Peer 1: 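Could you have a look at this structure, given as structure tokens, before my questions?
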Amino acid sequence: SINKCPFCGKNYSAKLPINLQQLRSSRIKDQFEICCLHFAETSIIPDGLNKNYPKVIDFVQLPERVNKLYSELWTIGKFELFQPGYYGFKGSYTILNTLVTLFIDSKKLSLNMTLPLKPLEYLGEVLVPETGIRLIAQDRNITLVEVAEVMRDSIAFGMYVCDMEDNDISNLED
């Protein structure tokens with residue numbers, strides 16, 4: 001069925017969570033969030049699905065996959081710009097937590113090794129991006145060079161899909 005956004009008037013066919021459908025707020029923030037949600041559901045998500053971006057990421061297995069990259073990550077020392085897109089903020093957070101366990105909690109990474117950055121900053125700015133790049137390359141069976149395009153292109157998709165709850169994802173398929 002086709003629905004009309006109560007704020008911007010655009011048609012959409014995806015189901016909004018019931019609390020948003022009932023919301024008739026005049027607050028600009030609420031209006032913006034609703035319009036962003038139906039834009040994601042009508043444009044961003046279908047585009048990402050057409051590009052075979054994953055609807056579901058196994059966050060339980062993600063730490064194990066990061067652990068397997070340990071020796072490769074240990075040798076990295078360059079900076080890369082990383083957007084949390086493909087894995088979303090939840091994936092970036094999971095990757096960071098796993099790296100904290102591998103490198104900081106184990107005391108294998110010291111301040112002297114990461115200067116001028118602090119070890120946690122080094123993880124966030126260097127190793128999280130490098131890990132994300134390698135995991136995307138594994139997921140899609142592509143080269144590290146090809147990953148850059150996927151990362152740029154999947155930012156909005158990952159922010160919406162990877163950070164959604166499982167029941168929200170199943171509603172997208174309906």
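Worth saying up front: this structure is predicted, and the values here are computed from it rather than measured.
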Peer 1: Drop me the distance from R65's CZ to F59's CZ, to the nearest 0.5 angstrom.
Peer 2: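 So the gap between those two atoms works out to 11.0 Å.
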Peer 1: For S106 versus L102, what's the shortest heavy-atom pair and its separation?
Peer 2: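 Scanning both residues completely, I find the closest heavy atoms to be OG-O, 2.5 Å.
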Peer 1: List the steps, then state whether side chain to side chain contact (heavy atoms under 4.5 Å, CB included) holds for L120 with I104.
Peer 2: CA-CA 8 Å; L120 189 59; I104 294 179; 4.2 Å; yes
Peer 1: If you round to the nearest 0.5 Å, how far is CD of Q138 from NZ of K68?
Peer 2: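 K68 atom NZ to Q138 atom CD measures 8.5 Å (nearest 0.5 Å).
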Peer 1: Would you say that more than 12 heavy atoms from the other residues, nucleotides or ligands in this model lie under 6.0 Å from the CG of N141, or not?
Peer 2: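 Open: at most 12 neighbouring heavy atoms sit under 6.0 Å from CG of N141.
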Peer 1: List in chain and number order the residues that pass side chain to side chain donor-acceptor pair (under 3.5 Å) with T143, two or more places apart in sequence or in another chain; answer none if no residue qualifies.
Peer 2: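 Partners of T143 by the side chain to side chain donor-acceptor pair (under 3.5 Å) criterion, ordered by chain and then number, come out as E146.
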Peer 1: Quick one: does E72's side chain have a donor or acceptor within less than 3.5 Å of a partner on L69's backbone?
Peer 2: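 Checked: no pair found.
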Peer 1: Ignoring hydrogens, what is the shortest heavy-atom contact between K51 and R140? Give both atom names and the distance.
Peer 2: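 In this case the closest contact between K51 and R140 is O-NH2, 3.1 Å.
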Peer 1: Do L99 and L73 make a side-chain contact, defined as non-hydrogen atoms from C-beta onward lying under 4.5 Å apart?
Peer 2: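 Answer yes - side chains close enough.
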Peer 1: Does any part of the side chain of Y87, heavy atoms only, come nearer than 4.5 Å to the side chain of I136, both counted from C-beta?
Peer 2: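 Answer yes - side chains close enough.
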Peer 1: Tell me every residue that passes side chain to side chain donor-acceptor pair (under 3.5 Å) with D105, counting only those two or more places apart in sequence or in another chain.
Peer 2: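 Side chain to side chain donor-acceptor pair (under 3.5 Å) list for D105, sorted by chain: empty.
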Peer 1: Between Y53 and D139, do the side chains contain an N or O donor and an N or O acceptor separated by less than 3.5 Å?
Peer 2: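 On atom types as modelled, these side chains do not qualify, holding no pair under 3.5 Å.
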Peer 1: Check whether N67 reaches the backbone of P63 with its side chain - one donor and one acceptor, N or O, closer than 3.5 Å.
Peer 2: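 At least one qualifying donor-acceptor pair exists.
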Peer 1: Which residues satisfy the side chain to side chain contact (heavy atoms under 4.5 Å, CB included) test with Q61, sequence neighbours excluded?
Peer 2: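 With sequence neighbours excluded, Q61 shows a side chain to side chain contact (heavy atoms under 4.5 Å, CB included) to D58, E64, given in chain and number order.
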Peer 1: Are the side chains of L144 and R134 in contact, using a 4.5 Å heavy-atom criterion?
Peer 2: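 Sidechains of L144 and R134: in contact.
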Peer 1: Looking only at non-hydrogen atoms, find the nearest pair between L123 and P129 and report the distance.
Peer 2: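 Heavy atoms only, the tightest pair is O-CD, 4.2 Å.
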Peer 1: Please identify which of these residues, T42, L49, D47, meets the side chain to side chain contact (heavy atoms under 4.5 Å, CB included) condition with I45.
Peer 2: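 It is L49; the other options fail the test.
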Peer 1: Roughly how far, to the nearest 0.5 Å, is the CG atom of L62 from the CD1 atom of I95?
Peer 2: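 Going from CD1 on I95 over to CG on L62, the span is 5.0 Å.
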Peer 1: Work out which heavy atom in S110 is nearest to a heavy atom in P119; give both atom names and the distance.
Peer 2: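 What the structure gives for the nearest pair is C-CG, 3.9 Å.
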Peer 1: What heavy-atom pair brings L117 and L111 nearest, and what distance separates the two atoms?
Peer 2: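 Heavy atoms only, the tightest pair is O-CD1, 3.7 Å.
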Peer 1: Measuring from Y93:OH to T98:OG1, what's the distance to the nearest 0.5 Å?
Peer 2: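 Taking OH in Y93 and OG1 in T98, the distance rounds to 10.5 Å.
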Peer 1: In Å, rounded to the nearest 0.5 Å, how long is the span from CZ of F89 to OG1 of T94?
Peer 2: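 With rounding to 0.5 Å, CZ (F89) is 13.0 Å from OG1 (T94).
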Peer 1: Please check if the distance between the ring centroids of F103 and Y122 is under 6.0 Å.
Peer 2: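 Ring-ring flag for F103/Y122: false, centres at least 6.0 Å apart.
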Peer 1: Please name the pair of heavy atoms, one in L127 and one in T131, separated by the smallest distance, quoted to 0.1 Å.
Peer 2: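 Closest approach of L127 to T131: O-OG1, 2.6 Å.
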